[in-house]
Amino acid sequence: MEISAKYSPAETEGKWYKYWMEKGFFHSEPDEREPYTIVIPPPNVTGVLHMGHMLNNTIQDVLVRRARMTGKNACWVPGTDHASIATEAKVVSKLKAEGIEKESLTRSEFLAHAWEWKEKHGGIILEQLKKLGASCDWERTKFTMDQPMSQAVINTFVYYYNKGLIYRGIRMVNWDPVGQTAVSDEEVIHRETKSKLYYLKYYISENGKPGSDFVTIATTRPETIMADTAICIHPQDTRFTHLQGKKVLIPLVNREIPIVLDEYVSMDFGTGCLKVTPAHDINDYEIGLRHNLPVIDILDNFARLNDKAQILIGEERFAARKKIVSMLNEQRHLVKEEDYISQVGYSERTDAVIEPKLSLQWFLKMDKAAIPALEVVMNNKIKLIPEKYKNTYRHWMENVKDWCISRQLWWGQQIPAWYLPDGKVVVARSPEDALEEARKIDPNVCIDDLKQDEDVLDTWFSSWLWPVSVFDPGKPGFPGKTPNEELAYYYPTNDLVTAPEILFFWVARMIMAGGEFCSDVPFRNVYLTGIVRDKQGRKMSKSLGNSPDPVKLIEEYGADGVRVGMLLCSSAGNDILFDETQVEQGRNFANKIWNAYRLVKGWNIGESESQPEHSIKAIEWFDNLLSESIETINDHFAKFRLSDALMHIYKLFWDDFCAWYLEIVKPVYGGEIDKATLESTILFFDKLLRLLHPFMPFLTEELWQNLTEREKGESIMVSSQPDSKSFNGTVLEKFALAKDAIAGVRNIRQSKGISPKESLDLHVKGNLDAGLYTTVRKMANIGNIYLFSQSSDLVSGASFMSGTTEFFVPLEGLTDISEEIKKAEAELDHLHGFLKSVNAKLGNEKFVANAPGHVVEMEKKKQSDAQTKISALEKLIQDLKKQ
RNA sequence: GGGAGCAUAGCUCAGUUGGUUUAGAGCAUCUGCCUUACAAGCAGAGGGUCGGGGGUUCGACUCCCUCUGCUCCCACCA
């Protein structure tokens, strides 16, 4: 059978994914085995796969596949997040493109459009994950707005409300006057913006009339002076002591406002006088709270001045700014203006300048919940990987603020609060329950009198329940309730793989909800991936256009190649600088494995062939090496060092298995292989494929299926990880020396321009295992191997050393003796330097007295080895010089 | 402004409670090879004194201080 010289992933990937699905290998049901559970960080339902997802989900799949192969009942729960802001924005802009304004629709009409959109675009990302090979239990796919999941959110709200932890309060939100919505802090982009700092005169009031004295304030927003409710100075500022207790008049409108004292003011910025505008600046709002100042909001939702401004009513804020500056100038209130650069917030979606706006929002108290959630991380009940994030986590948890859980949107779980005609509020799980509650307040009220709160809940308010509600949506909100079988079995989950930037938004809150409703942590380990950046270190983003399309990458390089490429360069918590050459490396590796398979499959057994000594030795060596490697790999996995584990297997396969093992046991062209060697080789190959499977699921399945006869329905993904046996270090050391001998001869060939086809002899003085002679002969094309005791016995040739073993290759007439001498002298120099440093240590009494015994022993061994080598080299140089 | 982290070969990174040869890997580079598994390959080689300075120690890439540069988080001074 002819096998192609290149591996073509496209032909195999779809086939095996279908096979795995058909056999139900991804599906998990509770049973007597130990569970291994991961819940996916749910991507936005209408999102598409980006490089961050690729990395994140590759890591999860590696962990899940490995767990499945170590006897665990592995369950990876997939799903999507309704992502209220992002999804609603997409639906709004889609409708706009069709000429439909959101404002013209009722809530239910809009939601119908949104669901339609979700049905059409939702889940694309999950299909893309399948291309990557993700072994999710698709039968368990969840969506945060599935009815039971949504009910869990409502139940949770009611639970916390009844506990007195949810309240309504005024808060400054980021208002997007173009998008007509509040946006979260994460959706505000701060950019340095050129503006002006205006210095304005406020006259001191004398019985409501401007006096002769005045204060000068500096502001970037003169159009908001009509909303001023105080002037603020620092209590220790002696320049203004005489003004304490006085009042000033706002220019143009002549409203009288007090001068208040607050340490918030910096004495050395601007003029040291600050105008306080509580409605339009968060800091001013807080000053206002401290001094009981009124709040005057002079802007409408489109950021136009309203009638409270008294002047310039109806003008848009920036137009108003221009006009008011000239008005102030005319009336001689403008002292001067300066160019000024400040950080201004812009809406990520509309690029409008964000307007801080006061509004009534729902909050969840966080201080109490934060305490146990901090503790479980600090005491390692939940481990953060890498550990450095513990600091960041603690910092946030110790300064936790109440959580604003309401959003002025329609797409999401509507807040289950109903208002009575008199404004009183009831909170309940359903309209019926709400009516019942309402009647306790007012027996005459009927359902039509109740008006439900317009806002929806923050998306994180549903995702924080995710590890609980995917198994038992009836549990959140009911801490005392017995968990269902699924939750009891799968919770706590094992590992969570996510990005550090949502450590607080999501991870911390899951820990709180899990603790509250299940009295246990939601997961044991949190593996934090880095951000995928481009070669220049820039974050990958649509607007920069520097993000490759993951699906195209998979088509071009194969899913296995992409997985390997991403993983090779990604240690936990470090950003990864993505470069397509890494994916190329992954593809090349897949091809290497493919070709190793081609080689082995091409071998025919010669029944009469006896097993050559070099094959016996190679098998013994590789068997020991494999055991040692498995131990190393297990250790890497135990510490979540996935890229180290992969790199170890990479080298084990490419260097040790292909370049050494296969080359040694390979029969001469046209020859046949003995049965024992072929069987061992196939067994090694099988083990290597199983080690590789979590990283390269498709290729390993393809080869594993064909390596030997398999039972129908078998699969590498439900086989097992190879076990390590105890290994013999001496075998490995002896082989290492033989490898050095071979490399030494090859080096001589290269530097002297001797063809590999020309047979050479080798003289050895030292410990080269006689059992490995045939190996050296075959691999270095050596005719005879001789032992020698005196280098003076040898004439023209080249020499090298490995450890304390000396090697000599006779080369008649080919050698430039002076060059040999030069080489030996350079090495001698190096050894002298080395010996000097060792001697210095051993000559230091304090070292000998204080260093542990084994360290001193080691140094002594180094010393004697170096001395042996030096004398050998000196002898060699002497002999060479005689010629 | 506050806090955290990082700085090791051209690039991306290891270096596991300071002590196995005066630092390792992969990629890239250079040299020689189309050798019948693989040029997406084979064989060989070169390359860093661990950001600068100081300190602790018998011993520092590893611990402490300091300077420089970069990154992130938080607050963003009217």
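None of these values were measured; they are calculated from a predicted model. In what follows, every chain begins at residue 1, and chains take the letters A, B, ... in the order their sequences are listed.
Among the protein residues, Arg641(A) comes within range of the nucleic acid bases, having at least one heavy atom under 4.0 Å from a base atom. Counting non-hydrogen atoms under 4.0 angstrom, Lys390(A) reaches nothing in the nucleic acid. When heavy atoms are screened at a 4.0 angstrom cut-off, Cys232(A) is found touching no nucleic acid atom at all. Using a 4.0 Å heavy-atom criterion, one finds that Asn283(A) contacts the sugar-phosphate atoms exclusively. No contact: Val838(A) has no heavy atom under 4.0 Å from any strand. Residue contacts shown for Leu274(A) include a base, since a base heavy atom lies under 4.0 Å away. The residue Asn391(A) sits close only to the backbone: its heavy atoms come under 4.0 Å of sugar-phosphate atoms, none of a base.
Comparing rC61(B) with rC50(B), their P atoms are spaced 7 Å from each other, to the whole Å. Comparing the P positions of rC64(B) and rG18(B) gives a spacing of 11 Å, expressed to the nearest Å. Between rG52(B) and rC58(B), the distance separating the two P atoms is 25 Å to the nearest Å. The gap from the P atom of rA14(B) to that of rA25(B) amounts to 16 Å, rounded to the nearest Å. Separating the P atom of rA60(B) from that of rC13(B) is a span of 28 Å, rounded to the nearest Å. Taking the C1' atoms as reference points, rA37(B) lies 11 Å from rC42(B), given to the whole Å. Between rA23(B) and rG19(B), the two C1' atoms lie 14 Å apart (nearest whole Å). Between the C1' atoms of rC67(B) and rU21(B), the separation comes to 35 Å (whole Å).
Between Trp396(A) and Phe504(A), the ring planes lie parallel to each other; the angle is under 30°, not in the 30° to 60° tilted range. Under the 30°/60° scheme for interplanar angles, the aromatic rings of Trp654(A) and Phe589(A) are found to lie parallel. Using the six-membered ring where Trp is involved, Tyr597(A) and Trp594(A) have ring planes that are tilted, between 30° and 60° apart.
Side-chain atoms of Arg746(A) and base atoms of rA43(B) include no donor and acceptor less than 3.5 Å apart. Below the 3.5 angstrom threshold, one finds no donor paired with an acceptor across the side chain of Lys841(A) and the base of rC58(B). If you check distances only, the side chain of Gln585(A) never reaches the base of rA28(B) with a donor-acceptor pair under 3.5 Å.
Residue Trp654(A) places no side-chain N or O under 4.0 Å from the OP1 or OP2 atom of rA40(B).
In this structure, Lys388(A) atom NZ and rG5(B) atom P are separated by 9 Å, rounded to whole Å. Here rA40(B) presents its P atom at 17 Å from CH2 of Trp594(A), a figure rounded to the nearest Å. Taking atom CD of residue Glu663(A) and atom C1' of nucleotide rC42(B), one finds them 8 Å apart after rounding to whole Å. One interatomic measurement links the two molecules: CD1 of Ile217(A) to P of rC77(B), which rounds to 15 Å at whole-angstrom precision. One can place CG of Leu732(A) at 21 Å from P of rU20(B), the figure rounded to the nearest angstrom. Met858(A) places its CE atom 22 Å from the P atom of rC58(B), with the value rounded to the nearest Å. When the P atom of rC33(B) is taken as reference, atom CD of Gln750(A) falls 9 Å away, rounded to whole Å. For the pair Gln582(A) CD and rC27(B) P, the computed distance is 12 Å after rounding to whole Å.
Counting only heavy atoms from C-beta on, Asn595(A) has its side chain closest to rA37(B) among rA37(B), rC27(B), rU21(B). The side chain of Lys862(A) has rU20(B) as its nearest neighbour among rG26(B), rA78(B), rU20(B). Of the candidates rA37(B), rU21(B), rG41(B), rU21(B) carries the atom nearest the Lys869(A) side chain, counting heavy atoms from C-beta on. Closest contact between the side chain of Lys639(A) and the listed nucleotides rA78(B), rA40(B), rU16(B) involves rU16(B). Closest contact between the side chain of Thr219(A) and the listed nucleotides rA78(B), rG26(B), rC76(B) involves rA78(B). Residue Tyr650(A) places its side chain closer to rC27(B) than to any other of rA37(B), rA40(B), rC27(B). Comparing rC58(B), rA78(B), rA40(B) by their closest approach to the side chain of Asn591(A) singles out rA40(B). Among the nucleotides rG41(B), rA37(B), rC58(B), the one closest to the side chain of Phe847(A) is rC58(B).
When both distances must be under 3.5 Å, the Watson-Crick or G-U wobble mate of rC63(B) is rG55(B). With a cut-off of 3.5 Å on both pairing distances, the Watson-Crick or G-U wobble partner of rG32(B) is rC42(B). Remark: rA4(B) base-pairs with rU71(B). Criterion, Watson-Crick or G-U wobble with two distances under 3.5 Å.
Of the N and O atoms on the side chains of Tyr264(A) and Asn283(A), at least one donor lies less than 3.5 Å from an acceptor on the other residue. Using modelled atom types, one finds a donor on one side chain and an acceptor on the other under 3.5 Å when comparing Lys275(A) with Thr277(A). Glu338(A) and Tyr198(A) form no side-chain donor-acceptor contact under 3.5 Å, judged by distance and modelled atom types alone.
Paired with Cys232(A) under the rule side chain to side chain contact (heavy atoms under 4.5 Å, CB included), one option of Asp262(A), Leu293(A), Asp284(A), Ile217(A) passes, and it is Asp262(A).
Taking the charged nitrogens against the carboxylate oxygens, Glu859(A) and Lys841(A) do have a contact shorter than 4.0 Å, which makes a salt bridge.
Positionally, the nearest nucleotide of RNA chain B for Asp829(A) lies more toward the 5' end than for the other of Asp829(A) and Lys846(A). Nearest-nucleotide positions on RNA chain B for His854(A) and Ser751(A) put His854(A) closer to the 5' end.
Judged by centroid separation below 5.5 Å and plane tilt below 30°, His395(A) does not stack onto the base of rC74(B).
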